[in-house]
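Numbered from 1 within each chain, the chains take letters A, B, ... in sequence-line order.
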Protein chains: 2
Amino acid sequence: MKPKILVVDDEPDALEVLGFKLREAGYTPVFAKDGTRALAAVRDERPALVVLDLMLPEVDGLEVCKILRRDPATASIPILMLTARAAEMDRIVGLELGADDYVTKPFSPRELVLRIKKLLARAQKADDPSAHLRIGPLDIDAARHVAQVKGVPLTLTATEFKLLDLLARRRGRVQTRDRLLQDVWGYENPIDTRTVDTHMRRLREKLGAAAHYLETVRGVGYRFSATP
Amino acid sequence: MKPKILVVDDEPDALEVLGFKLREAGYTPVFAKDGTRALAAVRDERPALVVLDLMLPEVDGLEVCKILRRDPATASIPILMLTARAAEMDRIVGLELGADDYVTKPFSPRELVLRIKKLLARAQKADDPSAHLRIGPLDIDAARHVAQVKGVPLTLTATEFKLLDLLARRRGRVQTRDRLLQDVWGYENPIDTRTVDTHMRRLREKLGAAAHYLETVRGVGYRFSATP
DNA sequence: GGCCCCGTTCACCTGATTGTAACATTATAT
DNA sequence: ATATAATGTTACAATCAGGTGAACGGGGCC
C-alpha cells in the first residue's frame, strides 16, 4: 500500500519534479494546481498527506489549510507548506492554522521527502497504542500513564485514563456506549447502564480547558473531536 | 475471486453470447432459462448480480424481481433487467420495485458489461458499513457520524442520519415504508407508517440543496436517486 | 474492624427528539 | 372534471437521552 500524497502547486514544473521524486520514494502522487481543485482532490482522493504551496490562484494555501482543518473529515490529514519566504512561517505553522511543517523554496527534494516521511510516521503513531499522543494542549503518555493539559498533569483514575486514551486514539470516530463498555471495561454483554456517562462527566470535569474535545453524539455515543 | 453472475433468459443463443462476454470480462456466468429455475439458482449459487430477461416462461422477470426483493437474504443482490421494449422500463425500474438498471435488446455486450461493473462497484461500497459514501455534493461518514453537503456539516438527529445513510447505501432502489420502519426503526416497533413521511420531510429540509436526491415513489415508498 | 478511594447506581432535571394527528396539497382514477 | 387516495406540512405533547449531583458499596490498606 503506497501512501497517496496530494501536491498542490500552480507551477507545472514543480509538480513534475515533485511527482517524480515522490514516486521514486514509494508514494503515489496526485496533483492539483489551485485551491479549489485541491479541496476537491482531498475529498475525492483522501490523500495521506498534503503538500501545499502558500501562493495559489483561486483560494490561497492558507485558506485551503483552514478549510481542511475545520472539517472533521479532513482535520487529521498532515499538511506540509511550501513557501518562498521563511520569515512568516513560524506564525503559520505554530498558531494561526494547522500546517504541520513547512519547507522554504527553493528546497531539496530529498529534504522534502524526509519531512513527508516524518509527518506520515507521526500521523501513523496515533494508532500505535504505546505511543505518546499530543493533541492540541493535551498530552497522553500511555507508557507512563500520564495525561497533561498544557503541561499540567491530571490526576486520573485508571478507568478514566483508559477511557480518555481510547477516545483520543480513535479521535474523530464515534464510540457507542456498548463499544466503550467492551473496550474500556471489558464487559462481554453490554448492559444498560449510565456508568459511561458518569465517567465522561468526571473526565470532562478534570480536563477543564480541554473538556470540549469530548463531544456527545446524541443517540449514538461519544466522540473525541477530530480538530486540534 | 471472480464474481458470479446469474443470467436468466429463455433464448439459448443469448445465454451463449452473454456467457462468453462475461467470462471474457472476468466473471463467472451461471445460467437459468426460466423464472422458477432462476429463483432456485439464486438460492443455490448466491450470485453477486442477476441479469434478468423481462419475458420468461413459468414466472416472468418482474415477478422474479419482486420475489427476490421481498426476501432479506436476496434483497440486496443487484438486478439488471433485459427487455425488448424501452418504453415500459421507466415504470419497471422506477415504480414496480427493485430492478437496479436495465438494458434494451438488442444491446451491445460491451455496454452490458459496463453496467454490470458499475452495479457491482456500487453494491460493494454499500456493503461496507464503515465506508465513506460520497455521492455528488453529499458526504456521509458513518464512523464519524458526520454528513455534509458541499463540505458543510449537517446537524442530523440519530434517526435522520440512519435513515439517510440507509437510503444512500441502497441508492437507486425503492424502499417501502415498511422496510424502512424495519431497518431504521427496528422490527418490534408497530408505529404509524406516516412517521416515515415526517422524517423524510425533516431530512429534505436539512439537506437543502441536496434534497432532490430523496425521491418519492408514489404508492410504494422512497428512494435515493441513482444518479449523482 | 474502620476508612478511603473508586466505580456503580439512582434520582432528578432539562432540552431535544420524535410519533401522531390534523390540515393542505398533489397525483391518480373514474 | 371531480372524487379519492397518497403525500407534503405544520404543530404539539409525550418521551427520551444525557447532564448532574449524590448516595451506595466493595475492596484494599492501615
message = I need the minimum non-hydrogen distance between Leu214(A) and Arg204(A), along with the two atoms involved.
response = O-NH2, 3.0 Å

query = Taking atom types as modelled and ignoring hydrogens, do the side chains of Thr157(A) and Thr159(A) form a donor-acceptor contact shorter than 3.5 angstrom?
reply = no

ask   = Would you say Trp185(B) reaches dT18(C)'s phosphate, i.e. side-chain N/O to OP1/OP2 under 4.0 Å?
value = no

Spacing of His199(B) atom NE2 relative to dT9(D) atom P, expressed in whole Å = 15 Å

ask   = Roughly how many Å is it from CD in Glu160(A) to P in dT8(C), rounded to a whole number?
value = 11 Å

ask   = Does a side-chain N-to-carboxylate-O contact under 4.0 Å join Asp197(A) and Arg201(A)?
value = no

ask   = When all nucleic acid strands are considered with a 4.0 Å heavy-atom cut-off, which category describes Thr195(B): base, sugar-phosphate, or nothing?
value = base

key: Lys33(B) with Asp9(B): basic N within carboxylate O range, under 4.0 Å   = no

ask   = Along nucleotides 19-27 of chain D, 5' to 3', which nucleotides get a B, which get an S, and which get a -, given that the test is a protein heavy-atom distance under 4.0 Å?
value = BBB------

ask   = In chain order, what residues pass the ring-ring contact (aromatic ring centres under 6.0 Å, His included) check against Phe31(B), with sequence neighbours excluded?
value = none

note = Rounded to whole Å, CG of Leu203(A) lies from P of dG7(C) at a distance of 11 Å

key: Nearest-Å distance for atom pair CZ/C1', residues Arg218(A) and dG15(C)   = 7 Å

message = Any non-hydrogen side-chain atom of Arg173(B) less than 4.5 Å from a side-chain atom of Pro78(B)?
response = yes

message = Asp183(A) and salt bridge (Lys or Arg N to Asp or Glu O under 4.0 Å): which single residue from Lys162(A), Arg170(A), Arg177(A) fits?
response = Arg170(A)

Tyr187(A) side-chain N/O to dG7(C) phosphate OP1/OP2 under 4.0 Å = no

key: Length of the line joining Lys162(B):NZ and dT18(C):C1', which is rounded to integer Å   = 14 Å

His199(B) and Trp185(B) aromatic ring geometry - parallel, tilted or perpendicular at 30°/60° bounds = perpendicular

inquiry  = In the structure I gave you, are the side-chain heavy atoms of Tyr222(B) and Met200(B) within less than 4.5 Å of one another anywhere?
reply    = yes

query = If you fit an axis to the five pairs at each end of the helix from dG1(C)-dC30(D) to dT30(C)-dA1(D), how big is the angle between those two axes, to 10 degrees?
reply = 30°

